[in-house]
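Before any comments, here is the structure.
Counting starts at 1 for both ligands and their atoms, following the listed order. Here, residue 1 is the first one in the sequence, and each next residue gets the next number.
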Amino acid sequence: MKMPKTIKKLTAEDVESIIEIARDSWKWTYKDIYNKEFIENWISEKYSREKLLNDIIRSQKDDGIIFLGSFVKSIPIGFIELKIGDYRAELLRLYLKPEYTHRGIGELLLLEAEKIMKKKGIVECILYVHKKNSIGISFYKKNGFEVKHIDGDDLVMEKEYKY
Ligand code: ACO
């Protein structure tokens, strides 16, 4: 199905939507990996309003964080967040509402973040993805990331940029 999509920096008014997307996506993505209680605790702790607002403000001030949302009819349906260092970045999280997956939106979010990273001279981006998250791993491989090593339950993947 074709639908108009917009990608832009998230703002304070998107906080509740980010929490909802994260909760829905975590329940879908990790249903065979983590139990409900673990997921609920993770969302309340890592996606607290305070932490999200802090990251949104840093992204708006261009202060070491890129935090973008994908919007359909003005409603956020996915987000990407990266930590930006000197020449290096870490893709911290990329999550879509399950019903919006597999339609090219994840790729659009990543491409938009890569445009910003290019302007900042980033040459390498790493990420951690759970070793049982086959959809995530497949997506990142298709988008140029390679597995570098295993860290506990995660694969560490990396993409190099040559401009
Ligand atoms: N089933 C199987 N493969 C899928 C699916 C699906 N439902 N959705 C996406 N993919 C993978 C496949 O590799 C697919 O390629 P194919 O069409 O040749 O099979 C490719 O992604 C398609 O790319 P997009 O349509 O751009 O992917 P999408 O818009 O779905 O975004 C994302 C990818 C962000 C991983 C999304 O599927 C999602 O939110 N998944 C759940 C959350 C998740 O796993 N996030 C990554 C966690 S790790 C981290 O954040 C650092």
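Between I105 and ligand 1, a contact under 3.5 Å exists for at least one N or O pair. Residue L91 has no N or O atom closer than 3.5 Å to an N or O atom of ligand 1. Geometrically, ligand 1 and G104 share a nitrogen or oxygen pair separated by less than 3.5 Å. Looking at T29 next to ligand 1, no N or O pair under 3.5 Å apart turns up. Checked by distance only, ligand 1 and V129 stay at 3.5 Å or farther apart across all their nitrogen or oxygen atoms. By the 3.5 Å distance cut-off applied to N or O atoms, Y30 is not counted among the residues near ligand 1. Taking only nitrogen or oxygen atoms, main chain and side chain alike, S25 does not reach within less than 3.5 Å of ligand 1.
Heavy-atom contacts of E107 reach the following atoms of ligand 1: 26 (O) (cutoff under 4.0 Å). Listed by number with element, the atoms of ligand 1 under 4.0 angstrom from any heavy atom of L96 are 28 (P), 29 (O), 30 (O), 31 (O), 39 (O). Every atom of ligand 1 with a heavy atom of R103 under 4.0 Å away is listed here by number and element: 25 (O).
By the 30° and 60° cut-offs, the orientation of the rings of F79 relative to Y95 is tilted. Taking the six-membered ring where tryptophan is involved, the planes of Y34 and H130 are perpendicular, since the angle between them exceeds 60° and thus also 30°.
Checking side-chain atoms of N143 against main-chain N and O of F139 turns up a donor-acceptor pair under 3.5 Å. Remark: the backbone N or O of V156 is not paired with any side-chain donor or acceptor of D154 at under 3.5 angstrom. For T101 (side chain) and P98 (main-chain N/O), a donor-acceptor pair under 3.5 Å exists by modelled atom type. For N133 (side chain) and G136 (main-chain N/O), a donor-acceptor pair under 3.5 Å exists by modelled atom type. Listed for the K9 side chain is a donor-acceptor partner under 3.5 Å among the backbone atoms of S59.
Both L10 and L53 sit in one connected hydrophobic cluster of ILVMFWY residues. Membership requires side-chain heavy atoms under 4.5 Å apart, directly or through other members. Using a 4.5 Å cut-off between side-chain heavy atoms of Ile, Leu, Val, Met, Phe, Trp and Tyr, with links allowed through other members, L96 and W28 fall into different hydrophobic clusters.
Using a 4.0 Å cut-off between a side-chain N of Lys or Arg and a carboxylate O of Asp or Glu, D62 and K120 qualify as a salt bridge.
Looking only at heavy atoms of the protein, atom 16 (P) of ligand 1 is closest to K142 NZ, 3.3 Å. Of all protein heavy atoms, the one closest to atom 37 (O) of ligand 1 is T101 CG2, 3.5 Å. Looking from atom 44 (O) of ligand 1 to the surrounding protein, the closest heavy atom is N133 ND2, 2.8 Å. Nearest non-hydrogen protein atom to atom 34 (C) of ligand 1 is L94 CG, 3.5 Å. Ranking the protein heavy atoms by distance from atom 40 (N) of ligand 1 puts W28 CZ3, 4.0 Å first. The protein non-hydrogen atom at the shortest distance from atom 49 (C) of ligand 1 is Y140 OH, 3.4 Å. Scanning the protein for heavy atoms near atom 31 (O) of ligand 1, the closest one is G106 CA, 3.3 Å. The single protein non-hydrogen atom nearest to atom 2 (C) of ligand 1 is I135 CG1, 3.7 Å, given as residue, atom name and distance.
The heavy atom nearest to atom 6 (C) of ligand 1, out of those in K97, R93, H102, is found in H102. If you check each of G78, S138, P98 against atom 12 (C) of ligand 1, the one with the closest non-hydrogen atom is S138. Across Y128, F139, Y95, heavy-atom proximity to atom 42 (C) of ligand 1 is greatest for Y95.
For the residue pair E114 and Y161, a side-chain donor N or O sits within less than 3.5 Å of a side-chain acceptor on the partner.
Under the rule for a salt bridge (charged side-chain N to carboxylate O under 4.0 Å, His left out), the partners of E40 that lie at least two apart in sequence or sit in another chain are R23. The side chain to side chain contact (heavy atoms under 4.5 Å, CB included) check on V123 picks up Y87, with sequence neighbours excluded.
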